[in-house]
Amino acid sequence: MDQQEDTVVLCGSNGYERKYYFNEEFASLPEAVKRELQVMCVWFTEECGGILTLEFEEDGTLEFRHRTREYDGYYDEIGADLKIKQYRQERREFLEALELYYKTMVLGITEDTAP
């Protein structure tokens, strides 16, 4: 799996290269979930520009990370923050289900082993 600073990348979209990436370690996710992730990521970079990745933290929390190339005058940082807030509100159950999947299937955390 792609790891960066103790995170695991689930998927991402690069608005500069117009490419979408999905970590094949999560190939067992249903096709509908994969499509929803792709739509979210690509839509984000089409609207805001830059690069978006969805990454799992060590504790299983799913984080949105957005960044830009240096000197990108077209990147909408405020719009990016607002779009992430919108995703968190409108897709709360979807995102929580992804976190639960990761905690259970990858980290092996169950109610019995939860801190």
Side-chain angles (χ1 to χ4, degrees):
M1 285 187 235
D2 292 335
Q3 295 190 1
Q4 175 183 348
E5 302 174 14
D6 298 327
T7 65
V8 176
V9 175
L10 171 61
C11 59
S13 181
N14 184 325
Y16 303 111
E17 297 176 8
R18 300 179 103 42
K19 290 186 179 181
Y20 172 75
Y21 166 80
F22 179 78
N23 186 342
E24 289 302 318
E25 294 288 327
F26 298 99
S28 64
L29 286 170
E31 288 302 316
V33 171
K34 293 178 193 177
R35 278 193 304 276
E36 181 70 17
L37 289 168
Q38 183 174 8
V39 167
M40 286 173 54
C41 289
V42 172
W43 188 0
F44 177 94
T45 55
E46 285 294 316
E47 285 189 15
C48 304
I51 301 166
L52 174 71
T53 55
L54 275 62
E55 304 175 17
F56 288 107
E57 297 288 327
E58 272 187 87
D59 66 356
T61 305
L62 185 61
E63 292 295 329
F64 289 79
R65 302 247 195 284
H66 62 96
R67 54 196 158 281
T68 181
R69 289 183 177 164
E70 198 170 342
Y71 309 116
D72 183 350
Y74 295 105
Y75 182 68
D76 183 2
E77 189 168 353
I78 294 170
D81 289 337
L82 291 172
K83 178 57 78 178
I84 290 170
K85 183 177 180 180
Q86 176 187 357
Y87 281 165
R88 289 203 177 279
Q89 289 173 347
E90 293 177 357
R91 294 180 167 90
R92 183 177 57 84
E93 289 180 15
F94 175 74
L95 298 171
E96 287 174 354
L98 284 170
E99 288 179 347
L100 180 61
Y101 167 85
Y102 185 79
K103 289 175 184 176
T104 304
M105 302 303 287
V106 177
L107 299 179
I109 298 173
T110 62
E111 289 183 20
D112 298 337
T113 60

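Fair warning: this is a prediction, and the values are worked out from it, not measured in the lab. The figures here come from the full heavy-atom set of this structure, side chains too, leaving out hydrogens, waters and symmetry mates.
The structure places SG of C41 at 13.0 Å from NE2 of H66, a figure rounded to the nearest 0.5 Å. Rounded to the nearest 0.5 angstrom, F56 CZ and K103 NZ are separated by 10.0 Å. Note that CG of L95 and CE of M40 are 5.0 Å apart. Values are rounded to the nearest 0.5 Å. Taken to the nearest 0.5 Å, the CG atom of D59 stands 8.0 Å off from the CD atom of E99. From T61, atom OG1 reaches atom CD of E55 across 12.5 Å, with rounding to the nearest 0.5 Å. Between Y21 atom OH and L54 atom CG the span is 12.5 Å, to the nearest 0.5 Å.
Within 6.0 Å of atom NZ in K34, more than 12 heavy atoms from other residues, nucleotides or ligands are found, so the atom counts as buried in its surroundings.
Looking only at side-chain heavy atoms (C-beta outward), T7 and R65 come within less than 4.5 Å of each other. In this structure the side chain of Y20 never reaches within 4.5 angstrom of the side chain of T45, judged on heavy atoms. Looking at heavy atoms from C-beta onward, F94 lies in side-chain contact with L37 at the 4.5 angstrom threshold. The shortest side-chain heavy-atom distance between T53 and R67 falls under the 4.5 Å cut-off. By the 4.5 Å heavy-atom criterion applied to side chains, L29 and L10 are counted as neighbours. Under the 4.5 Å side-chain criterion, counting only non-hydrogen atoms from C-beta, V33 is in contact with L98.
Considering all non-hydrogen atoms of both residues, F26 and V9 come closest at CE1-O, 3.9 Å. What you find for K83 and C48 is that their closest heavy atoms are CB-SG, 4.2 Å.
A donor and an acceptor atom, one from each side chain of Y16 and T68, are located under 3.5 Å apart.
Two different hydrophobic clusters hold I51 and F64 under the rule that ILVMFWY side chains link at heavy-atom gaps under 4.5 Å. Connection of Y75 to I84 is not established within any shared hydrophobic cluster, with ILVMFWY side chains joined at heavy-atom distances below 4.5 Å, either directly or through further cluster members. No continuous path of ILVMFWY side-chain contacts below 4.5 Å connects L100 to M105, so the two sit in separate hydrophobic clusters.
The residues R88 and E63 are annotated as salt-bridged, a charged nitrogen and a carboxylate oxygen being separated by less than 4.0 angstrom.
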Open item on the list: Under the criterion salt bridge (charged side-chain N to carboxylate O under 4.0 Å, His left out), I'd like the reasoning laid out for R18 against E46: C-alpha separation, chi angles, the key distance, then a yes or no.
Closed with: CA-CA 9 Å; R18 300 179 103 42; E46 285 294 316; 3.1 Å; yes
Open item on the list: Between F22 and E24, does the side-chain contact (heavy atoms from CB on, under 4.5 Å) criterion hold? Intermediate values first, please.
Closed with: CA-CA 6 Å; F22 179 78; E24 289 302 318; 3.8 Å; yes
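Between F44 and Y87, the two ring planes are tilted [angle within 30° to 60°].
Side chain of D6 to main chain of E58: no donor-acceptor pair is present (N/O by atom type, distance under 3.5 Å, no hydrogens or angles).
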